Student: 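Take this structure, written in structure tokens, and hold onto it; I'll ask about it next.
Predicted model only: the values in this text are computed from it and were never measured. Letters A, B, ... mirror the listed sequences (proteins, then strands); counts begin at 1.
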Number of protein chains: 2
Amino acid sequence: MARQPIGWLRTQANRNTRQEILQAAAMLFSKQGYVGTSLVDIAKIVGIKAPSLYNHFKTKNEILFTYIVDGINALYDVCLQNVTEAKDTAQDKLYAYVFSHTLSLLESQETSTLSGQHHLNENFMLPEQLEQTNALQKKQVRLLKDILMRGKSDGVFQITDITVTTFFIMGAVEHSIYWFQKEARLSEKDVAHLVAENALALVKKP
Amino acid sequence: MARQPIGWLRTQANRNTRQEILQAAAMLFSKQGYVGTSLVDIAKIVGIKAPSLYNHFKTKNEILFTYIVDGINALYDVCLQNVTEAKDTAQDKLYAYVFSHTLSLLESQETSTLSGQHHLNENFMLPEQLEQTNALQKKQVRLLKDILMRGKSDGVFQITDITVTTFFIMGAVEHSIYWFQKEARLSEKDVAHLVAENALALVKKP
DNA sequence: CCTACCGATCGGTAGG
DNA sequence: CCTACCGATCGGTAGG
């Protein structure tokens, strides 16, 4: 290889490699799971040898944690922006939230984080890391819950138990990733739209 | 040990051990995932040594497959029975389905199959096994979908896209397992009831 | 960023 | 049902 055998410390190439590692890990973790993905697998995609990964991350665990935190944050940012930009009614905010959350999951299907894996990941994360990711997940749930509470107090939503309905909608959204590919009839946007419409129908006052 | 070193072939004890293995595997797989569970882990719970597992299963893969198929079948049987026994209206059938499905998941939380893991399991199952489990899952989806179709043609449900609404409800149900434990305020039956009420509200005609 | 290498653990086999 | 053991693979380290 023409790569420099010396002088690799603190070069600008490092930044690039770090991102490439995270990207490769994201794809493999979501496809094969954490334990099912070896450092050799990740390194191969990046085009380096496995031990070189330790120039960018202290442990395999650190790669997992970074991947998860990045994924949650990216999703939250998209949802928050769409909700903020939406018209100022509970219905529009709810549509914006569900639509953007669903669409984000479907479009980044190969690198998604939240869908189904958090449960398994719990076994490979340190207690301190778990606290952090749980806090981030709660922020995400809060975003949806606040919309539902506002709609209820505005008198436009009918909801018996806000917690249950929040998780009901959240579960439906996050599960969309599992069956989407099987229905070529509908595009990602079609599905996101229909899921959002279902969420609205669920809380609509008769 | 007082166990017979010889004469263990085809004794009645075998039947028992096989079930014990499946039970142990179910708990560990759902808690640690397939790759995260070693044969030593399973054997330890049963009270035997790892190589002895091969008297009951040809491979670790076969244990996984049996565990999954058993789980899906048990769930389906419960749901079908509850739906059949319910009053003969689409609303009652829908309530019966969602309530029994949710309750089954919450009550057998440690050994559940369908929730979130099928995606990961796909990587460790043979194509022929995948075909079989997919067929079983489709049967489960069909059970719910038929109720929705019937309600729509009876004119009591309002549904834009039956496929999307089917998976919307299915996703909400299967996700209940992830957040349930955090809400000690509600019992398993409380949650199952509220989830079923949400499903009804979703399809109710205004 | 590499090569060389380590201890630990895994699924599975042989043979009784 | 056991003990003894195998090849393969894993995450991670040493040293340059």
Student: Output yes when A:K31 and A:D41 qualify as a salt bridge under the 4.0 Å nitrogen-oxygen rule, no when they do not.
Tutor: no

Student: For a quick check under 3.5 Å, do A:T163 and A:K145 share a side-chain donor-acceptor pair by atom type?
Tutor: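 Yes, side-chain donor-acceptor contact under 3.5 Å.
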
Student: Do the ring centers of B:F168 and A:H175 come within less than 6.0 Å of each other?
Tutor: no

Student: Between D:dT3, D:dC1, C:dC1, which nucleotide gets closest to the side-chain atoms of B:N55?
Tutor: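 Shortest atom-to-atom distance from the side chain points to D:dC1.
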
Student: Identify which nucleotide among D:dC1, C:dC1, C:dA4 has an atom closest to any side-chain atom of A:P51, counting heavy atoms from C-beta outward.
Tutor: C:dA4

Student: Between A:D146 and A:R150, is the closest basic N to carboxylate O distance under 4.0 Å?
Tutor: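 Looking at A:R150 and A:D146, the cut-off is not met.
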
Student: Do side-chain atoms of B:K138 reach the backbone of B:T133 as a donor and acceptor pair under 3.5 angstrom?
Tutor: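 No.
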
Student: Are there any protein N/O atoms within less than 3.5 Å of an N/O atom in nucleotides 9-11 of chain C, and if so, which ones and at what distance?
Tutor:
residue, atom, partner, partner atom, Å
C:dG11, OP1, B:T37, O, 3.3
C:dG11, OP1, B:K60, NZ, 2.7
C:dG11, OP2, B:L39, N, 2.9

Student: Just wondering, do A:K204 and B:K204 contact through their side chains at under 4.5 Å, heavy atoms?
Tutor: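 No. Closest side-chain heavy atoms not under 4.5 Å.
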
Student: So what does the secondary structure string of DNA chain C come out as, 5' to 3', with Watson-Crick or wobble pairs under 3.5 angstrom, [ ] for crossing and | for pairs with another strand?
Tutor: ||||||||||||||||

Student: For residues B:Q19 and B:Q23, is any side-chain donor paired with an opposing acceptor at under 3.5 Å?
Tutor: no

Student: Hey, is the main chain of A:F99 close enough, under 3.5 Å, to the side chain of A:T102 for a donor-acceptor pair?
Tutor: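 Answer holds: no.
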
